[in-house]
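See structure below.
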Amino acid sequence: MTAATTDLPRAEAPRAVTLWRRFARNRAALLGLFLFGLVVLMALTAGLVEPVDPLRRAGDPLTRPFTDWAVPLGTDQLGRDILAGLFHGARISLLVGVLATLLSIGIGVLVGALSGFFGGWVDDVLMRVTEAFQTIPNFVLLLSLVAILGSSIEYITLAIAIVSWTAPARMVRAEFMSLRHREFVDAARNLGVSNASLIFREILPNALPPVIVYASVIMALSILLESALAFLGLGDPNFASWGNMIGQGRSVLRTDWYCAAIPGIAILLTVLSFSLLGEGLNDALNPRQKKT
Amino acid sequence: MTGPVLDIRGLRIALPKGADRPFALAGLDLSVNAGEIVCLVGESGSGKSLTAGAIMRLLPEPHVHVAGGAILFEGRDLLALPEREMKAIRGDRIAQIFQEPMTALNPQKTVGWQIDEVLRLHTRMDRKARRARVLEMLDLVHIPDPTSVHGAYPHQISGGQRQRVMIAMSLCLSPRLVIADEPTTALDVTTQLQILKLIRELQQKEDAGILFITHDFGVVAEIADRVVVLSQGEMVEHGPAAEVLNAPQHPYTRALITAIPALIPPKPRNFQGAPVVLRAQGLTKTFAPRGGLLGGKRRTVKAVDNLSFDLHRGETLGVVGESGSGKTTVSRIVTRLLEADTGAVEVNGKDLLACSPRELREMRRHIQMVFQDPMASLNPRKRVQDIIAQGPIVHGTDPATARARARDLLELVELSPAAATRFPHEFSGGQRQRIGIARALAMEPKVIVADEPVSALDVSVQAQVLKLLADLRDRLHLSLLFVTHDLRVAAQLCDRVIVMQKGEIVESGVTADLFADPRHPYTQQLLASIPGRGWTPPDLKTDAA
Amino acid sequence: QEPKRGGTIIVHMPSEQRILNPALRASTGVYNITGKIMEPLIDKTYDGPVGVLATEWSSTEDGLKITVKLREGVNWHDGKPFTCDDVAFSAMELWKPLLNYSSTLQQYLESVDCTDDHTAVFNYSQPMPLDLFVAAMPDLGHPVPRHLYEGTDIMKSEYNTAPVGTGPFRFVEYERGQYVIAERNDDYWRGAEYPYLDRIVWRFIPDKSAAAAAIEAGEIHESGFNGISMADLQRLSEMGGFDVGTQGYENNVAHSTVEFNHRNPILADLKVRQAIYHGLDIDYAIQTIMRGYAKPGRGPIPSAGGANYTDDVPTYAYDPELAKRMLDEAGYPAGADGIRFKLRHRPAPWGEYTQFWAEYFSQAMKEIGIDVEILTNDAPGFLNGVYRDHDFDTANGWHQFRSDPAVSTMVWLRSGSPEGTPWSNQFGWQSDEMDQMIDAAQAELDPAKRAERYHEIQAKAMAEIPVIFAIEHPFISVTTTKLKNHHNTPRWNSSSWYDLWLDE
Amino acid sequence: MHLSQVLSYALRRLLQAVPVVLLIMVGTFLLLKMAPGDTVDALVGDMGGADAAYIEKLRAEYGLDQPVWVQLWRYMAKIVQFDFGWSFVYEKPVATILWERLGTTLLLMGSSLSLAFTIGVVLGAVAARRAYSLTDNMISTLGLVFYATPSFFLSLMMILLFSVKLGWLPVGGVKTIAAFHTGWAHVWDVALHLIMPTAALSLIYLSFYLRLMRASVLEVVELDFVRTARAKGAGEARLMVHHIMRNALLPVVTLLGLQFSTVLGGSVVVETIFALPGLGQLAYQSVIQRDMNMLMGIIFLCAIIVVIVNFLTDLLYARLDSRIALR
Ligand SMILES: Nc1ncnc2c1ncn2[C@@H]1O[C@H](COP(=O)(O)OP(=O)(O)OP(=O)(O)O)[C@@H](O)[C@H]1O
Ligand SMILES: Nc1ncnc2c1ncn2[C@@H]1O[C@H](COP(=O)(O)OP(=O)(O)OP(=O)(O)O)[C@@H](O)[C@H]1O
Ligand SMILES: [Mg+2]
Ligand SMILES: [Mg+2]
Ligand code: NI
């Protein structure tokens, strides 16, 4: 019988490959990836392909799109090139989105992990704090933080992270609560593994997939929050962000709708790409839910 | 009635691309007559549940679908019926009982409502008549207080009662065919026996045909008229129960039957002189609700009550008992994965429960654990060699050495060293359990605590793992604390057993003595409930590979 | 056209006015509502000051006593007669101690004597020019009914949000966050034919685009004080059915300013300030930001300032090349990246166009090699950052000219205001000469000499540029053509509208 | 569920909420004190300026010249007696103003959330039942687009279309001013005014619920008891109504409770655009005017509402899920 038991099943393709296969099965997710790639490309090539400084006067104010090829998508009220704004705005939006997401997930993971792993009073205290953050209307908190810190882009990013960490924290906590009773955790503990290693090496990698999926939601929300701030005139005017462009474009919405609509559509498509990516990731990471 | 109730001919079920085999079922012929119990036996994945699904026409279509054959029910081909007629047949003429009584009932509806639903769907009875019928059915399946259970939610009644409710539900329209898919697997032995008896009794009364799906030859011996054996979707043997059980023809059947642990305990070995490696004294654990003032009232559970035992070097001590008797709690206290309320656990002469966290980590190398669920106990994101080497690395071994040793250990547990760089999900259940054992051995412990290490495995695999454990124990002079609910397993491996009920030891002793002459009524009841205890598997050793 | 009686008009208010008492809060927003309910002693028309609750006024030679005759037969909305007691009480208990801006104006007011029920004598310890008094009264001279305020905590009086006045309309309802309603006062002193309207509703709509839509949809009849965006104003003006213009704001002209922190050695250099001025394309800004409804500024007194104004001052034409040269000369050559130095700029958060101004400023400065970082902040943040903490290099905002330089723009140039006083010279710029010129002008009683002094101040301010008074612009309003007799006084939105009528 | 059980549960929840609310209050107070400037600055800015003595007097009168700890202590001492204090910006007691605004906010939030919930749940369920079909793709895409459209953008577009172009709906406000409707005419009038803000506010949540419901139904459909019901011969409609819906609703209900405060935040923009006198706009104004008492009052009120809503969703959850006993 020895022979039979050493017979291993045929080796599987590497994890990344299987993930990709599952992901690629979902056409909407591919579209999301494509859009996302486009935005990243725009962000990377801003200033190369589109050499104009997005804050400089590039032409007559309120030039309509496709009328002057020096400014293909037209200009806004101060004569700034909308195409350049679109490219540079991609950079800002992505930067805000990615950094705020990383930060908020960082905080969320830390709080959620400690809370879920240790339970007891640690959990009590951390959860009270989380509840407190959840009880204050997030946008009001965001406004307060921006009022305190000022509207520079770093602080806006930080403020967005501060108002968005609770959901990942709860998520990580729930995952930890269910994972910490899994036998493999007991097994590691029984080997004498320290708590820190248990948290970060054993449990966390297993708790991350839903959080990674949720990252797309935070990313989308960050961009929406930034644009809402800009809409209220609290954006950072030193950078061309899509939110700023909409915020300023709305005053000419009735006559020169493209000033707000072009960045508006850019936001919509970017957020859409995050959502589609997120759903694709979800399908890929939780094969249980997928159907072909 | 002439002819069989159910007649399956050449049934083939196709699996989606990328599955381990193209057909889950490759040409099954099977018939069930009225008043007959036909057992469909086979190991996990052999296609038993899909057969049931095909009959009910509830396969997860389209990716799993019937690719050929016919399913004749009372002479009509079910596969050709329109969905509307099929709906009328389901629940009325053909009923099904499922394995997990908890999840098979809707948690949000009362038991009465759920049984009533069958009547509502298939009869024109008025409310009063239906209620009367439901109560009658509940009574029929020997539910003590039908009126109160009628209004209860599934989570408010015990597992055995839930399964009775399922049975009541399936039988209340006197179906011609009942498909029972492992209806007792999730139950305690004592409950299992009661349910088996109930099914027998009702079947005789109603004269229905029963297709009984199980992986347990003990259950087959208990209940079957005829047996069909499936292996990897192929029907390998069929015939009257007595014939298949006592004179199996096909090598696969023979292998299966050989693997069943006999109810004959090994010869007692003497450990009087051997040193005690593990001593538990006065262990008590009460689960109290957390939250104090704001937590509200919940009942407290005394999971372990003043429990003491000794384990000698090289000895295997079995802990047996029904679900909830506190077995797992004991194993977790002993390894200090759970803090006991009171008591002491001496390992190597030192009290584990009094250790500081630092000392504890040092002590852990002496007492290791093998877990029940081979999948859940391996970190899915780590490679096998890292899983095995983790313990030694934590305790200071150089990583390269530890990994090399991990590969040696894989060989020791009869796995190819090629396994070292794979992930746990790429292995079968038995192989995973071997990895778990290797991980425990890597620490070179004195004591191994094993909590139901084989109960998630098929019999043939179970036999291999048990044999491996016994081998290692003897070779490495290990002491085993072996927790199991399966008395057959306990009988095969353990030198001594303690029998637990509600957290207390009701009886303990040398296995052979205890099995031969149980004193405590609870032990007697346990022993009497072992399925197929009247049947001794034939001695086929000569043919075994 | 014969005026018609009746009708309700709805007026847009971009922000809510929480206190409806012009004797406590001097601001155009407050007048916009309360001007119809409470009347000042004197109002302004295109023909000069006219009496409202006052009928005559005169001053003694030395300027220490001002006698005001009050109108007889005027009743408060609660039926009690309006008398000198009300004026004396208001002046001593509200105007002098509690009313912003008025406290400076009235700092030397000693007492108000009532020689009879309808004669009030204002006694000053320092000379008060009668012109200044009269110029200030339309904004800072609203009496309140003494019988309702006396003996109560004035700041917390219920009548601060439910005003009782003598005006053509009486207060009905203030639904916070939504609207204020006032209806016709049948007992109005001008006679039974006034006012023409039945009711006025002020509707609070903070969002400019929504307000523009509301006007376009006919839900609102008038929006003043640039309540909707310039783009929409221009669009509506081209659409027909709306009067869009600056008439009626002659008393409410404002300057768009660029302010310097002279504590910064770079900015303390006059050459740098001049270069910056040369770097600003004022005409472009007027066309793009103000859509042409403005003129270039000529110092602290706008062209609407009457005799006190002159345009005989130094000016700075748009010339970026010259600006660059001047910066080079000042010792700030462009670095490798084309940047000479960096400025931190605080824009006032007073809506769209201060924001645009900041962005234009930054844009324009980049052209001449100055990197401007804009620090966005809300009102308290701005006021603190600029006026208390002096944490800025440049700032921009607008500042209203209140018909007389003595009570308005001079504070930008005069040193000595305590730290933290908003809209005062907190820029670290000090000139004893200028201080003396300002004091002398304020104390001058002869109008002609006074004007001369202000011309000198104006010229000096343009030469030394403590602050750039870049653009002067009246406010702009949009009104449906259904309204008649609208914008017919120089402070029309703050006036009583007794003769306004609706042609429907 | 007995009444006494519910009551004692309510009491327990209330006690649990106390530390959270305290934490919020102290935290917010200190946080806002870090912001540059205070109410007096804002007031003076609003007035168009004032001289230094006047400013000092106001500051002393409002107690803003005291150290932060003193101010905090005074505030907390009052709030425990449910005295919200005085709004210096409005010159009215905070409680009065809160009370005036609460109605609009509750109306707006209630209508948005219930709309989002109902439609989201129904669409989600439909999408899940026809998973991966054209219908599902359409519903899911719609959900994603709703989700990705910034609410202010949507609001402006709606105003443009429905108010200006079509003239069907009023631009803003909660009622037609000076129309003095009464009875049903008033109700209808208010409803007309709330259509656009409700839509603008609810769409994003609608897409949340839609997606969650869809996932939840897909998950429940796989569960054993659904198979049991099928084996009983139940049809699809019956499965949906009796077996799937209720179980699938549970996670959605949890989200409902969690999101309440987010909705309040989201209403800042919508209330500003539609000139609705609600708490969201008030909160925003209070922040930029440093109207501490007002903001603290709003946050306290909000905390109370959230506690109540969570309590209600717990009750609802317990009603929906027979396994949950209130603890
Ligand atoms: N929904 C499905 N999709 C794909 N493959 C499936 C599906 N259901 C079952 N299979 C495959 O079909 C084969 C037979 O499965 P089946 O559930 O019938 O086994 P079983 O004999 O009932 O096993 P067990 O004893 O574990 O219940 C297995 O190899 C399984 O992997
Ligand atoms: N963490 C816990 N909290 C509360 N009660 C618990 C906990 N763990 C176990 N119990 C209770 O303690 C009792 C003993 O549980 P234990 O898991 O030890 O039983 P067991 O004999 O291992 O049963 P099984 O055969 O089902 O595994 C049970 O009644 C169980 O409900
Ligand atoms: Mg099965
Ligand atoms: Mg157990
Ligand atoms: Ni078993």
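Proteins come first, then strands; the chains are lettered A, B, ... in the order of their sequence lines, and each starts at number 1.
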Next item on the list: Output the option from A283(D), P19(D), G27(D), P150(D) having the highest count of non-hydrogen pairs under 4.5 Å with chain A.
Entry: P150(D)

Margin query: Ignoring hydrogens, what is the shortest heavy-atom contact between G265(D) and N138(A)? Give both atom names and the distance.
Written below: CA-OD1, 4.4 Å

Next item on the list: Name the option with the most non-hydrogen atom pairs under 4.5 Å to chain D; the candidates are F231(A), W257(A), F133(A), F139(A).
Entry: F231(A)

Note to self: Quick one, V140(A) with L295(D), criterion side-chain contact (heavy atoms from CB on, under 4.5 Å). Give me CA distance, side-chain angles, the key distance, then yes/no.
What the structure shows: CA-CA 9 Å; V140(A) 175; L295(D) 189 66; 4.1 Å; yes

Next item on the list: Nearest 0.5 Å please: distance from the CD atom of Q16(D) over to the CE atom of M127(A).
Entry: 13.5 Å

Notebook entry, point to check: At a heavy-atom separation under 4.5 Å, does T28(D) approach chain A through its side chain, its backbone, both, or neither?
Noted result: side chain

Check: How many angstroms lie between CZ in F152(D) and OG in S227(A), if you round to the nearest 0.5 Å?
Finding: 3.5 Å

Check: So which of I298(D), V306(D), I24(D) actually passes side chain to side chain contact (heavy atoms under 4.5 Å, CB included) with I136(A)?
Finding: I24(D)

Check: Which answer fits L31(D), side chain, backbone, both or neither, if we ask what part of it has an atom under 4.5 Å from a heavy atom of chain A?
Finding: both

Next item on the list: Look up atom CG in N310(D) and atom OG1 in T135(A), then write down how far apart they are to the nearest 0.5 Å.
Entry: 7.5 Å

Check: Measuring heavy-atom distances to chain A, does I273(D) have an atom under 4.5 Å in its side chain, in its backbone, in both, or in neither?
Finding: side chain

Margin query: Surrounding CE of M76(D) (heavy atoms of other residues, nucleotides or ligands, distance under 6.0 Å), is the total greater than 12?
Written below: yes

Margin query: Please identify, among L234(A), L149(A), L232(A), the residue contributing the most non-hydrogen atom pairs under 4.5 Å to chain D.
Written below: L232(A)

Next item on the list: For chain A, find its close neighbours in residues 284-294 of chain D: heavy-atom separation under 4.5 Å, sorted by number, or none.
Entry: Y284(D), V287(D), R290(D)

Notebook entry, point to check: Under a 4.5 Å heavy-atom cut-off, does chain D meet the side chain of L145(A), its backbone, both or neither?
Noted result: side chain

Notebook entry, point to check: Given a strict heavy-atom distance threshold of 4.5 Å, which part of V217(A) is in contact with chain D: side chain, backbone, both, or neither?
Noted result: both

Check: Heavy-atom distance under 4.5 Å to chain D: side chain of V163(A), backbone, both or neither?
Finding: neither

Margin query: Using heavy-atom distances under 4.5 Å, tell me whether L269(A) contacts chain D through its side chain, its backbone, both, or neither.
Written below: neither

Checklist line | Shortest non-hydrogen separation from R128(A) to V20(D) and the atoms involved | finding: CD-CG2, 3.3 Å

Notebook entry, point to check: Is the CZ atom of F118(A) crowded by more than 12 outside heavy atoms at less than 6.0 Å?
Noted result: yes

Next item on the list: Any chance you could lay out the side-chain contact (heavy atoms from CB on, under 4.5 Å) test for L224(A) and I204(D), step after step, and finish with the verdict?
Entry: CA-CA 11 Å; L224(A) 291 176; I204(D) 189 167; 4.3 Å; yes

Notebook entry, point to check: Among V263(D), L264(D), V268(D), whose side chain to side chain contact (heavy atoms under 4.5 Å, CB included) with P137(A) holds?
Noted result: L264(D)

Notebook entry, point to check: Given a strict heavy-atom distance threshold of 4.5 Å, which part of I246(A) is in contact with chain D: side chain, backbone, both, or neither?
Noted result: side chain

Notebook entry, point to check: Between atom CD of E131(A) and atom CG of L23(D), what is the distance when rounded to the nearest 0.5 Å?
Noted result: 10.0 Å

Notebook entry, point to check: Which heavy-atom pair separates L276(A) from L144(D) by the least distance, and what is that distance?
Noted result: CD2-CD1, 3.3 Å

Checklist line | Minimum-distance pair of heavy atoms, taken over all atoms of S275(A) and Y147(D) | finding: OG-CE2, 3.2 Å

